[in-house]
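Written below as structure tokens is the structure these notes are about.
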There are 2 protein chains.
Amino acid sequence: MPKMPANKTPKDGGDTDEKIRARNIREILKAATEIFSRKGFDGARIAEIAEASGLPKANVYYYFSSKEEIYRAVIEHLIEGWDDAFAHISGDREPQDAIRSYVAAKLAYTRRNVIESRLFANEIIRGAQFLSRKDRQHMRTVTDEKVKVIEDWIAAGKLLPVDPRHLFIMLWSATQFYADFEPLACDALHTTKLKSMDYSHAAATISETVLRGLLPAGQI
Amino acid sequence: MPKMPANKTPKDGGDTDEKIRARNIREILKAATEIFSRKGFDGARIAEIAEASGLPKANVYYYFSSKEEIYRAVIEHLIEGWDDAFAHISGDREPQDAIRSYVAAKLAYTRRNVIESRLFANEIIRGAQFLSRKDRQHMRTVTDEKVKVIEDWIAAGKLLPVDPRHLFIMLWSATQFYADFEPLACDALHTTKLKSMDYSHAAATISETVLRGLLPAGQI
DNA sequence: TCAAAAGCTGACCAAAGTGTCAACTTATTA
DNA sequence: TAATAAGTTGACACTTTGGTCAGCTTTTGA
């Protein structure tokens, strides 16, 4: 009977040859994601992360030099899900089709990745301090690109005039809500630009959009 | 020259006769709200709260017996803002008027009370552990009441059919977004009921609403 | 004016938590 | 198979922080 490595459970199945380093780091990040999501940065204890990943605390420090480094690694990993849903907003498609897919994709992702989504949103709320300049720039770029798509739709008469950024906020925040209360997923939009946003404009955008959507034709 | 009490600054102006106890508790809660909002429950240190309120730490413990008690007091205080915006959703009004006022009121409150709003949302996200059963029940009751208003509007043909709860989520989450990124304020909706919500229904509600709102008449 | 109540506070603990380390075991490779 | 690298770990050092306390000062009210 061949001896199995201590922290290698049978259910691991195929990847028996996975390098020790890769496997341990993966386990640590998985545990860390879960715990940071539930407790936040300050609330999370590395002893708990260690226990959850099946390693002694000192071993966690063998791979990561600090709690912040673990957190940063976790956050970095989350950006990947960012582009996917946004990809649905494409100039090639018709608006109703694109927006429906976007919302559906977002909610589906949210549903499957509750933990990550919630953690990501939390990081955004805390000011995205641990997101690299590069990642923030990336998100801003992608957003700008999609804003352009909406603007083109409007120019082509396929959509009634609407501020694309406020529209994205509506879509993002509404879908994110479901992550915060049940599963998890999402993206961040531009933190910086919001500072200069006009609140009455935001109010008008949201309420008018909703009203145009819900009132019987002609009443508005 | 009359000696002024140590922790009584001149700018306090009129309320010179305010009772010591009331004033100190107010200062502590004010500082605590700010710090809990920025750092979360675990991240907040009572030494920092003490410093921010101009009192030595031991003095804070003279009024509150634990960190949790302070937090609880802060949260309790926030519920008050809950009903106000929702009051706009009234059966006496026309839907477009009511919803416009609701969104505007919400954003205005949000703008003025960034800190509290963010803190409240954070507490909700963390599962509203520190909200009393009574407060949660209250919020649920108010929500149910407003759901009824929307349903009546729909029955009267004043609104196209829509799930009122999802509509509220759209409105709440969108307005809340602005609190999380700039100022602060809000409400919570029913955490419990969300568990049984159908995600594809949510997706449909959101995307269809937005589409009906934005597509030129007749295209949908 | 004086005693009791209320308020104040520096100093101090004990618990918890981050991060370190030296010695040990297991894997790799020539 | 032997030497080197990689991985493991219990124990510990050090810091932070929630919370306590005994004794002090100020306020209150009769």
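Just so it is clear, the model here is predicted, and its values are computed rather than measured. Protein chains get the first letters and strands the later ones, always in sequence-line order, with residue 1 at the start of each.
The distance from the CG atom of B:D92 to the CG atom of B:D97 is 11.0 Å, given to the nearest 0.5 Å. Annotation: the span from A:R45 atom CZ to A:I35 atom CD1 amounts to 8.5 Å, rounded to 0.5 Å. The structure places CD of A:E123 at 12.0 Å from OG of A:S37, a figure rounded to the nearest 0.5 Å.
Protein atom CD of B:E27 is 16 Å distant from nucleotide atom P of C:dG7, rounded to whole Å. The CG-P distance, from A:L55 to D:dA6, rounds to 18 Å in whole Å. Rounded to a whole Å, the OH atom of A:Y61 is 10 Å from the C1' atom of C:dT20. The NZ atom of B:K39 sits 11 Å away from the P atom of D:dG18 (whole-angstrom rounding). The distance between atom CG of A:D42 and atom P of C:dA16, rounded to the nearest whole Å, is 18 Å.
Between B:N59 and C:dG10 there is no side-chain N or O to OP1 or OP2 distance below 4.0 Å. Here A:R21 reaches the OP1 or OP2 of D:dG7: one of its side-chain N or O atoms lies under 4.0 Å away. Between C:dC8 and B:Y62, no contact under 4.0 Å exists linking OP1 or OP2 to a side-chain N or O. The side chain of A:N24 places an N or O atom within less than 4.0 Å of a non-bridging phosphate oxygen (OP1 or OP2) of D:dT8.
Between the two ends of the helix from C:dT1-D:dA30 to C:dA30-D:dT1, each summarised by a five-pair axis, the helix axis turns through 10° (rounded to 10 degrees).
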Which side-chain N or O atoms in residues 50-58 of chain A pair as donor and acceptor under 3.5 Å with protein atoms at least two apart or in another chain?
{"unit_1": "A:S53", "atom_1": "OG", "unit_2": "A:I49", "atom_2": "O", "d": "2.9"}
{"unit_1": "A:S53", "atom_1": "OG", "unit_2": "A:A50", "atom_2": "O", "d": "3.0"}

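Taking 4.5 Å as the limit, some side-chain heavy atom of B:K134 sits within range of a side-chain heavy atom of B:E76. Proximity of A:F86 to A:V149: side-chain heavy atoms (C-beta onward) are nowhere separated by under 4.5 Å. Between B:Q137 and B:T141 there is a side-chain heavy-atom pair separated by less than 4.5 Å. Looking at B:E151 and B:V147, their side chains come closer than 4.5 Å, going by heavy atoms from C-beta outward.
Among the atoms of the strands shown, none is found under 4.0 Å from any heavy atom of B:A50.
Ion pair B:E34/B:R38 flagged as a salt bridge, since at least one NZ, NE, NH1 or NH2 atom sits closer than 4.0 Å to an Asp/Glu carboxylate oxygen.
Between B:F36 and the options B:F130, B:Y71, B:F120, a ring-ring contact (aromatic ring centres under 6.0 Å, His included) holds for only B:Y71. The side-chain contact (heavy atoms from CB on, under 4.5 Å) test with B:T33 singles out one residue from B:I75, B:I28, B:V74, and that residue is B:V74.
Among pairs with a residue in residues 51-70 of chain A, none fulfils ring pair (Phe, Tyr, Trp, His ring centres under 6.0 Å), at least two apart in sequence or across chains.
Listed nucleotides C:dC21, C:dG19, C:dG10 differ in distance to B:P56; the shortest reach to its side chain belongs to C:dG10.
Looking at residues 63-73 of chain B, you'll see B:Y63 sit with a heavy atom under 4.0 Å from some atom of DNA chain C.
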Under 3.5 Å between N/O atoms: give me all the protein pairs with nucleotides 12-16 of chain D, atom names plus distance.
none

Between the protein and nucleotides 28-30 of chain C, which nitrogen or oxygen pairs come in under 3.5 angstrom?
none

Open item on the list: Using side chain to side chain contact (heavy atoms under 4.5 Å, CB included), reason through B:I150 and B:K146 one step at a time and then give a plain yes or no.
Closed with: CA-CA 6 Å; B:I150 300 286; B:K146 300 310 178 183; 5.7 Å; no
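Checking side-chain atoms of B:K67 against main-chain N and O of B:F41 turns up a donor-acceptor pair under 3.5 Å.
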